[in-house]
Every structure is written in structure tokens, then in C-alpha cells.
Amino acid sequence: MSLKKKGNEMNGNENLVSNAYQIFVQEAPEHAQAWMIAVQSLGNACALDKKTESLAYLAVLSVKGLDSGVQFHVKVAKEAGASREEIISAILVGLPAAGNIVIRSLPVALQAYDS
């Protein structure tokens, strides 16, 4: 998949992609292309439906403290049918294992969901 095509598939969500990722695509297009092929291949290999995969990915992002990807992936989950309550639960599912680092993602996630 070309990056141009990927950008067109974001359905107006390009402003949700972090500045770092935008610079990555602009300044290292061949690396970005290789990365997108890997991401697409991993997505195709996933046995989960899109909503479940998106919610699981949000849980991973929140546990890792990677808030820069939360906005975009909340929109993906919402488009796949995730409710606001499911977004909250996905963010907080890692609370027992990872601790309160996950709560940092809540404001970002809810703002993205509500906008």
C-alpha cells in the first residue's frame, strides 16, 4: 500500500497523526513505506474483528504510554463501532498490570471520541 493511498484512507483523520509520524513519512518515505507494508501485513494476519483489534491496540498504547497514537486509533475504533464506554474500558484494562500510567491516555482518548 502506498503512503499516499494510506493517507487517503484516513478519512480526514490525518490531523490525528503525530507530528513525529508526519516527519517520518516526509523525510524517510522508503522506511515509512516498508513500515506500512509490515503494519498492513500484521493487520491482515490478525484473527480479531476490526473493533476488537482496535480496542486491544488502544490498551497496548495506554500501557506503553504512547499517547501520540491514541487519537488516531480511537477514531479507528469508533468507526469500527466501539462505544465511548468500550474505549474507556480498553484504556483501563491494563490498570492492574501496568498501574496508573494508563490513565494518562484517558483525556486524549475521550477528547478524540467526543470530537
Side-chain angles (χ1 to χ4, degrees):
M1 170 182 295
S2 75
L3 291 173
K4 182 175 262 186
K5 183 176 178 187
K6 178 66 178 171
N8 291 338
E9 290 178 353
M10 285 199 262
N11 301 323
N13 291 335
E14 48 277 339
N15 62 330
L16 300 177
V17 177
S18 71
N19 185 51
Y21 190 80
Q22 291 176 35
I23 290 171
F24 170 57
V25 170
Q26 180 181 347
E27 299 297 329
E30 290 181 19
H31 287 83
Q33 178 70 31
W35 179 251
M36 286 310 304
I37 290 169
V39 167
Q40 182 181 19
S41 296
L42 290 166
N44 291 339
C46 185
L48 300 173
D49 63 85
K50 190 65 175 170
K51 181 176 116 175
T52 304
E53 179 185 15
S54 298
L55 291 169
Y57 199 78
L58 283 169
V60 171
L61 288 174
S62 66
V63 164
K64 295 289 289 175
L66 300 173
D67 296 336
S68 66
V70 169
Q71 286 183 316
F72 178 80
H73 289 284
V74 163
K75 292 296 186 181
V76 171
K78 186 176 180 180
E79 289 171 5
S83 69
R84 192 174 194 273
E85 292 74 22
E86 288 173 316
I87 298 293
I88 293 168
S89 291
I91 297 293
L92 297 179
V93 74
L95 190 58
N100 70 352
I101 189 169
V102 301
I103 67 173
R104 290 185 354 191
S105 297
L106 258 173
V108 176
L110 294 177
Q111 189 278 328
Y113 191 90
D114 293 340
S115 64

Task: Hydrophobic cluster membership, Val76 vs Leu58, 4.5 Å side-chain cutoff - done: no

- [ ] Say whether Phe72 and Val39 are linked into one hydrophobic cluster, either directly or through other cluster members, by side-chain heavy-atom distances under 4.5 angstrom.
- [x] yes

Open item on the list: With salt bridge (Lys or Arg N to Asp or Glu O under 4.0 Å) as the rule and sequence neighbours excluded, what pairs involving residues 65-74 come up?
Closed with: Asp67-Arg104

- [ ] Identify whether Val60 and Leu48 are in the same connected component of the hydrophobic contact network (ILVMFWY, side-chain heavy atoms under 4.5 Å).
- [x] no

Task: Shortest non-hydrogen separation from Ala98 to Val102 and the atoms involved - done: CB-CG1, 4.4 Å

TODO: Using a 4.5 Å cut-off on heavy atoms from C-beta on, say whether the side chain of Ile101 contacts that of Val63.
DONE: no

Task: Any donor-acceptor N/O pair, Asp49 side chain to Thr52 backbone, under 3.5 Å - done: yes

- [ ] Using the rule that two of Ile, Leu, Val, Met, Phe, Trp, Tyr join whenever any of their side-chain heavy atoms come within less than 4.5 Å, decide whether Leu66 and Leu92 are in one cluster.
- [x] yes

Task: Nearest atoms (heavy-atom pairs only) where Ser18 meets Ser68 - done: CB-CB, 3.9 Å

- [ ] If you link ILVMFWY side chains whenever their heavy atoms are less than 4.5 Å apart, which other residues fall into the same cluster as Ile23? By chain and number, please.
- [x] none

Open item on the list: Nearest 0.5 angstrom please: Glu85 CD to Tyr113 OH, how far?
Closed with: 7.5 Å

Open item on the list: Measuring from atom CD of Gln71 to atom CG of Leu61, what distance do you get when rounded to the nearest 0.5 angstrom?
Closed with: 12.0 Å

TODO: Write down the atom of Leu55, the atom of Glu86, and the distance for their closest heavy-atom approach.
DONE: CD2-O, 3.7 Å

Task: Spacing of OG belonging to Ser105 relative to NZ belonging to Lys64, to within rounding of 0.5 Å - done: 12.5 Å

TODO: With rounding to the nearest 0.5 Å, note down the distance linking CE in Met36 to OG in Ser41.
DONE: 10.0 Å

- [ ] Treating Ile, Leu, Val, Met, Phe, Trp and Tyr as nodes and any side-chain heavy-atom pair under 4.5 angstrom as an edge, say whether Leu110 and Val108 lie in one connected cluster.
- [x] yes

TODO: Let me see the working for Lys78 and Ser54 under side-chain contact (heavy atoms from CB on, under 4.5 Å), right down to the final yes or no.
DONE: CA-CA 9 Å; Lys78 186 176 180 180; Ser54 298; over 6 Å; no

